[in-house]
S.K.: 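One structure, pasted below without further comment.
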2 protein chains.
Amino acid sequence: MGNQQFKTAVELTLKVIGGKWKPVILCHLTDGAKRFSQLRRDMPGITQKMLTQQLRELEEDGIIHRKVYSQVPPKVEYSFTEYGLTVRQLLDEMADWGTQHQQHLNQVE
Amino acid sequence: MGNQQFKTAVELTLKVIGGKWKPVILCHLTDGAKRFSQLRRDMPGITQKMLTQQLRELEEDGIIHRKVYSQVPPKVEYSFTEYGLTVRQLLDEMADWGTQHQQHLNQVE
DNA sequence: CAGCATCCTACTAGATACTG
DNA sequence: CAGTATCTAGTAGGATGCTG
């Protein structure tokens, strides 16, 4: 415990699915494949730059797949890769803890 | 899925145990209670300001307990609260995923 | 020893304009 | 539609000095 391996493993996980936007993006992709424009509509707070940036990182980490339809106007769809599905379990557990914590906070008040 | 409740729950979780330092601090506290100075030694990269700040936030969120010994020189020990132990499970799972992901990355190379 | 206060920097994120 | 490029603003985090 308290060892280097454990610590860096957690840090790696947070690097891949942590941060301000990635969890939110991944949540919206649990519905299935979505277009870039649809994701923008789903997340009014995010800028197009941030959305692009975060999607690219998730793609590079092998979590999501970017499917480009060669047509005009352009159409790009994002979806979980098979490998990416392994983080959904983790996201669920993080959501569970968050929900319980919210109730915990309500009790304290 | 993709709903507001799920999304905010994950965000709440990351607010409590996410970020650059909190996971690391919590890892080091899995050994048991530790003094402030011990934690500093365990984490050469962290500044005293950051350590104090993050410990305070973890304390406010009920994850850790701050025990002050009224003596000179001062002695302060930090440890998991009973409630805080619920995040250890989650940290373990995050570490598991991170470890698997590391192996996944090695295979790709 | 365990901090607080202050100042400062570097990076993250947002705004805006433009393009295949 | 789905981006890229550039510039700016905000904030997380760091350095330093002081104190009960």
Side-chain angles (χ1 to χ4, degrees), chain A residues 7-8 10-29 31-61 63-79, chain B residues 7-8 10-29 31-61 63-79:
Chain A
K7 189 182 77 178
T8 54
V10 175
E11 288 171 333
L12 179 60
T13 299
L14 286 175
K15 195 163 180 241
V16 176
I17 62 162
K20 186 174 177 179
W21 294 113
K22 283 177 185 172
V24 185
I25 293 171
L26 293 176
C27 286
H28 284 291
L29 287 180
D31 296 334
K34 281 201 180 171
R35 297 184 63 167
F36 187 83
S37 54
Q38 183 60 49
L39 287 171
R40 283 197 72 175
R41 258 172 275 130
D42 290 342
M43 295 176 275
I46 199 170
T47 61
Q48 145 277 353
K49 173 188 154 185
M50 275 300 110
L51 182 54
T52 301
Q53 198 173 98
Q54 303 299 302
L55 286 169
R56 286 291 182 284
E57 290 183 17
L58 288 169
E59 190 191 357
E60 279 166 25
D61 287 324
I63 308 300
I64 63 172
H65 176 67
R66 180 171 180 264
K67 183 171 185 181
V68 182
Y69 293 83
S70 294
Q71 63 181 49
V72 177
K75 177 178 170 182
V76 178
E77 270 185 356
Y78 294 91
S79 57
Chain B
K7 190 183 77 178
T8 53
V10 176
E11 288 171 334
L12 179 61
T13 299
L14 286 175
K15 195 159 181 252
V16 175
I17 62 162
K20 186 175 177 180
W21 295 113
K22 283 178 186 172
V24 185
I25 294 172
L26 293 175
C27 287
H28 284 290
L29 287 180
D31 295 333
K34 282 202 179 170
R35 296 183 64 166
F36 187 83
S37 54
Q38 183 60 50
L39 286 171
R40 282 196 74 174
R41 258 171 276 133
D42 290 342
M43 295 176 276
I46 199 170
T47 61
Q48 152 280 334
K49 174 188 155 185
M50 275 300 108
L51 182 54
T52 302
Q53 199 174 97
Q54 304 298 302
L55 285 170
R56 287 290 182 283
E57 290 182 18
L58 288 168
E59 189 192 357
E60 279 167 24
D61 287 325
I63 308 300
I64 62 172
H65 177 65
R66 181 171 180 265
K67 183 172 185 180
V68 182
Y69 294 82
S70 295
Q71 62 181 51
V72 178
K75 176 178 170 181
V76 179
E77 270 185 356
Y78 295 91
S79 57

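Residue numbers start from 1 in every chain, and the chains themselves are labelled A, B, ... in the order their sequence lines are given, proteins ahead of strands.
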S.K.: Out of curiosity, L58(B) CG to R56(B) CZ, how far, rounded to the nearest 0.5 Å?
M.R.: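 The CG atom of L58(B) sits 11.0 Å away from the CZ atom of R56(B).
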
S.K.: Is there a donor-acceptor pair under 3.5 Å between the side chain of K22(A) and the backbone N or O of K15(A)?
M.R.: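 Yes, the answer is positive, given that a donor and an acceptor are paired below the 3.5 Å cut-off.
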
S.K.: With rounding to the nearest 0.5 angstrom, report the CD1 to NZ distance, I46(A) to K20(A).
M.R.: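 Here the rounded value is 9.0 Å.
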
S.K.: Please report the closest heavy-atom contact between V24(B) and M43(B), naming both atoms and the distance.
M.R.: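 Residues V24(B) and M43(B), closest heavy atoms: CG1-SD, 3.7 Å.
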
S.K.: With side-chain hydrogen bond (donor to acceptor under 3.5 Å, both in side chains) as the test, pick out the partner of Q38(B) among R35(B), R40(B), R41(B).
M.R.: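 With Q38(B) as partner, side-chain hydrogen bond (donor to acceptor under 3.5 Å, both in side chains) holds for just one option, R41(B).
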
S.K.: For a side chain to side chain contact (heavy atoms under 4.5 Å, CB included) with Q54(B), tell me which candidate from L26(B), I25(B), L39(B) qualifies.
M.R.: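 In the set L26(B), I25(B), L39(B), the residue that makes a side chain to side chain contact (heavy atoms under 4.5 Å, CB included) with Q54(B) is I25(B).
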
S.K.: Measuring from I64(A):CD1 to L55(A):CG, what's the distance to the nearest 0.5 Å?
M.R.: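 That separation rounds to 4.5 Å.
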
S.K.: First locate atom CD1 of I17(A), then atom CG of D61(A), and finally report the distance between them rounded to the nearest 0.5 Å.
M.R.: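 Reported value, rounded in 0.5 Å steps: 10.5 Å.
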
S.K.: Between NZ of K34(A) and CD of E77(A), what distance do you get to the nearest 0.5 Å?
M.R.: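 Here the rounded value is 11.5 Å.
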
S.K.: Step by step, would you call Q48(B) with F36(B) a side chain to side chain contact (heavy atoms under 4.5 Å, CB included)?
M.R.: CA-CA 9 Å; Q48(B) 152 280 334; F36(B) 187 83; 4.0 Å; yes

S.K.: Quick one, give me the B/S/- string for nucleotides 1-17 of chain D, reading 5' to 3', where B means a protein heavy atom under 4.0 Å from the base and S means that only happens at the primed atoms, P, OP1 or OP2.
M.R.: BSBB-B------BBB--

S.K.: Can you pull the contact range of chain A along DNA chain C, 5' to 3', using atoms under 4.0 angstrom from its heavy atoms?
M.R.: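 Under 4.0 Å from chain A, the extent on DNA chain C is dA13(C) to dG20(C).
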
S.K.: Hey, what bend do you get for the helix from dC1(C)-dG20(D) to dG20(C)-dC1(D) if you fit axes on five pairs at each end, rounded to 10°?
M.R.: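 What I find for the helix from dC1(C)-dG20(D) to dG20(C)-dC1(D) is an axis angle of 50°.
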
